[in-house]
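Have a look at the structure below, then the notes.
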Amino acid sequence: MTAVALITLAWTLEIMFGWPNWLYRRIRHPVVWFGSLIKIGDRVLNRKEWSHQARYIAGMISTVSLFGAATIIAWLIAKLLPPTGWAIAIEALVASSLIASRSLYTHVAAVAKPLMSNDFEKARNAVSMIVGRDPTQLDEAGIARASLESLAENTSDGVTAPLFWGALFGLPGLVAYKAINTLDSMIGHKNDRYAAFGGFAARLDDVANFIPARLTGVLIALTSFQPKALQTMFKDASKHRSPNAGWPEAAMAGGLGVRLSGPRIYDNHTTTDPWLNQEGRDPVASDIYAGLNLYRRALVLAFCGLAFTAIAMAFL
């Protein structure tokens with residue numbers, strides 16, 4: 001089975017079942033296992049008394065070691081499993097756990113439902129599960145904006161990028177990407193503790209997401225059926241503090257006619273981030289549902305492209 005066919009099968013399983021709760025309760029999740037190893041590396045090697053350069057090198061060693069170990073284990077699984085039906089099913093099941101299209105939809109929809117009912121406390125609690133900013137000071141527009149930004153960015157990080165690297169290199173490619181992305185999410189922060197130790201992980205994640213982020217932006221723009229989406233993406237993507245997140249977020253902003261990004265509060269500090277699609281209106285609760293519909297259309301287009309490629313390769 002080709003890498004593209006394997007990832008298509010894995011994504012089909014993820015769309016249908018996600019990562020079942022009963023399985024999570026018994027064995028947790030591969031990302032949780034890897035996160036535990038990252039915490040150990042952080043605790044052992046990230047020493048405050050060391051210089052910036054020493055902490056950067058220590059973080060680089062930790063990142064390469066963890067990323068390399070995860071990739072080698074995935075390669076061994078793919079290499080040693082026999083070419084039988086049950087072995088392919090196991091490999092696809094492992095791969096499906098590292099794709100997050102179903103869970104992303106669920107988490108964002110969990111914000112939209114209470115917000116539509118003006119239950120701001122419940123909506124703020126739900127949005128706190130998917131963003132890092134302080135939700136206690138967010139009004140309806142702030143909650144909707146945070147949800148749409150998370151939806152756009154995580155479409156790339158949690159869906160497009162794993163599919164992209166998995167389609168190129170199979171299970172090892174998918175695991176390698178997920179390891180990099182998890183490292184970035186845990187230690188790739190620009191604060192006193194992680195600016196040095198997580199610097200290499202953050203740069204590695206930027207490289208890994210360079211192509212997938214732009215592909216995601218194009219998918220969102222095309223399936224929005226709004227010429228404004230592509231215009232906004234090319235005009236505003238570079239304004240974002242991230243070299244990658246601006247592409248899907250700007251496409252989402254233009255596709256829905258809302259403005260995203262802009263000033264927000266992190267750790268009691270208000271940022272001065274510029275707006276994406278500045279002339280757009282402030283989003284409301286119903287825009288989250290509109291964003292989720294756009295998300296589904298973008299993924300349908302991606303799935304069709306992946307499945308078509310798998311079928312075409314089977315006949316080559």
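Just so we're clear, the structure is a prediction, and the values are computed from it rather than from any experiment.
- For Asp273 (side chain) and Ser261 (main-chain N/O), no donor-acceptor pair under 3.5 Å exists by modelled atom type.
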Could you go through Glu149 and Leu276, starting from their C-alpha distance and side-chain angles, then the distance that decides it, and tell me whether this counts as side chain to side chain contact (heavy atoms under 4.5 Å, CB included)? CA-CA 10 Å; Glu149 290 168 6; Leu276 304 179; over 6 Å; no
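- In this structure, Arg214 forms a cation-pi arrangement with Phe210, its terminal cationic atom sitting closer than 6.0 Å to the ring centre and no more than 45° off the ring axis.
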Step by step, would you call Phe34 with Leu183 a side chain to side chain contact (heavy atoms under 4.5 Å, CB included)? CA-CA 9 Å; Phe34 192 70; Leu183 280 157; 3.9 Å; yes
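- Distance check, rounded to the nearest 0.5 Å: CZ of Phe67 to CZ of Phe200 gives 8.5 Å.
- Ser128 and Pro135 get closest at one heavy-atom pair: CB-CG, 3.8 Å.
- With rounding to the nearest 0.5 Å, the separation of CG in Leu294 from CG in Asp287 is 11.5 Å.
- Residues Leu81 and Ala87 share a closest heavy-atom pair of CD1-O, 3.6 Å.
- In terms of heavy atoms, Met233 sits closest to Val218 at SD-N, 3.9 Å.
- Between Val258 and Met252, every side-chain heavy-atom pair lies at or beyond the 4.5 Å cut-off.
- No donor-acceptor pair closer than 3.5 Å links the side chain of Gln226 to the backbone N or O of Leu256.
- By the 4.0 Å N-to-carboxylate-O rule, Asp42 lies close enough to Arg193 to be salt-bridged with it.
- By the 4.5 Å heavy-atom criterion applied to side chains, Tyr295 and Ile220 are not counted as neighbours.
- Closest of all the heavy-atom pairs between Ala152 and Pro248 is O-CB, 3.4 Å.
- Each of Tyr177 and Leu299 belongs to its own hydrophobic cluster when Ile, Leu, Val, Met, Phe, Trp and Tyr are linked at side-chain heavy-atom distances under 4.5 angstrom.
- Counting heavy atoms of neighbouring residues, nucleotides and ligands inside a 6.0 Å radius, atom NZ of Lys122 does not exceed 12 of them.
- Atom-to-atom distance recorded for Ile61:CD1 and Leu66:CG is 11.5 Å, nearest 0.5 angstrom.
- Donor-acceptor pairing under 3.5 Å is lacking for the side chains of Tyr194 and Asn46.
- Between Phe303 and Thr8, some side-chain heavy-atom pair lies under the 4.5 Å cut-off.
- Transitive grouping of hydrophobic side chains (ILVMFWY, heavy atoms separated by less than 4.5 Å) keeps Leu98 and Trp75 in distinct clusters.
- With sequence neighbours excluded, the residues forming a salt bridge (charged side-chain N to carboxylate O under 4.0 Å, His left out) with Asp282 are Arg145, Arg259, listed by chain and number.
- In this structure, the side chains of Trp19 and Ser97 come closer than 4.5 Å at one or more pairs of heavy atoms.
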Set out, in order, the CA-CA distance, both residues' side-chain angles and the distance that settles side chain to side chain contact (heavy atoms under 4.5 Å, CB included) for Ile288 and Met116, then state yes or no. CA-CA 10 Å; Ile288 302 178; Met116 287 290 289; over 6 Å; no
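- The closest side-chain heavy-atom distance from Glu153 to Glu249 is below 4.5 Å.
- Here the closest non-hydrogen pair linking Thr71 and Pro172 is CG2-O, 4.0 Å.
- Note on Ile180: it does not cluster hydrophobically with Ile7, by side-chain heavy-atom contacts below 4.5 Å among ILVMFWY residues.
- Remark: Asn21 CG to Arg26 CZ distance equals 11.0 Å, nearest 0.5 Å.
- No donor-acceptor pair closer than 3.5 Å links the side chain of Ser117 to the backbone N or O of Asp119.
- Hydrophobic clustering, with ILVMFWY side chains joined whenever heavy atoms are under 4.5 angstrom apart, groups Leu222 together with Phe234.
- Annotation: Gln53, atom CD; neighbour count of heavy atoms from other residues, nucleotides and ligands within 6.0 Å does not exceed 12.
- Side-chain contact between Asp157 and Asn154 is present, with at least one heavy-atom pair separated by less than 4.5 Å.
- With hydrophobic clusters built from ILVMFWY side chains whose heavy atoms lie under 4.5 angstrom apart, Val31 shares a cluster with Ile73.
- Contact annotation: the side chain of Leu174 never approaches that of Phe169 to less than 4.5 Å [non-hydrogen atoms, C-beta and beyond].
- Checking side-chain atoms of Arg102 against main-chain N and O of Ile15 turns up a donor-acceptor pair under 3.5 Å.
- Expressed to the nearest 0.5 Å, how far CG of Leu9 lies from CD of Glu14 amounts to 12.5 Å.
- Paired with Thr182 under the rule side-chain contact (heavy atoms from CB on, under 4.5 Å), one option of Val32, Ile38, Asp205 passes, and it is Ile38.
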Please determine whether side chain to side chain contact (heavy atoms under 4.5 Å, CB included) holds for the pair Ser62 and Phe197, giving the CA-CA distance in whole Å, both sets of side-chain angles, and the decisive distance to 0.1 Å. CA-CA 9 Å; Ser62 179; Phe197 187 76; 4.1 Å; yes
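- A heavy-atom distance below 4.5 Å is found between the side chains of Asn277 and Glu279.
- Across all non-hydrogen atoms, the minimal contact from Ala58 to Trp50 is CB-CZ3, 3.9 Å.
- With no hydrogens or angles considered, a side-chain donor-acceptor pair links Trp11 and Ser101 at under 3.5 Å.
- Remark: side-chain polar atoms of Arg47 are paired, donor with acceptor, to backbone N or O of Val44 under 3.5 angstrom.
- Not counting sequence neighbours, the partners of Asp236 by the salt bridge (charged side-chain N to carboxylate O under 4.0 Å, His left out) test are Lys239.
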For residues 159-166, run the donor-acceptor check on the side chains, cut-off 3.5 Å, and write out each pair with its distance to 0.1 Å, sequence neighbours left out.
| unit_1 | atom_1 | unit_2 | atom_2 | d |
| --- | --- | --- | --- | --- |
| Thr160 | OG1 | Thr155 | O | 3.1 |
| Thr160 | OG1 | Thr216 | OG1 | 2.8 |
| Trp165 | NE1 | Ala208 | O | 2.9 |

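- Here the straight-line distance linking atom OG of Ser147 with atom CG of Leu260 works out to 10.5 Å at 0.5 Å rounding.
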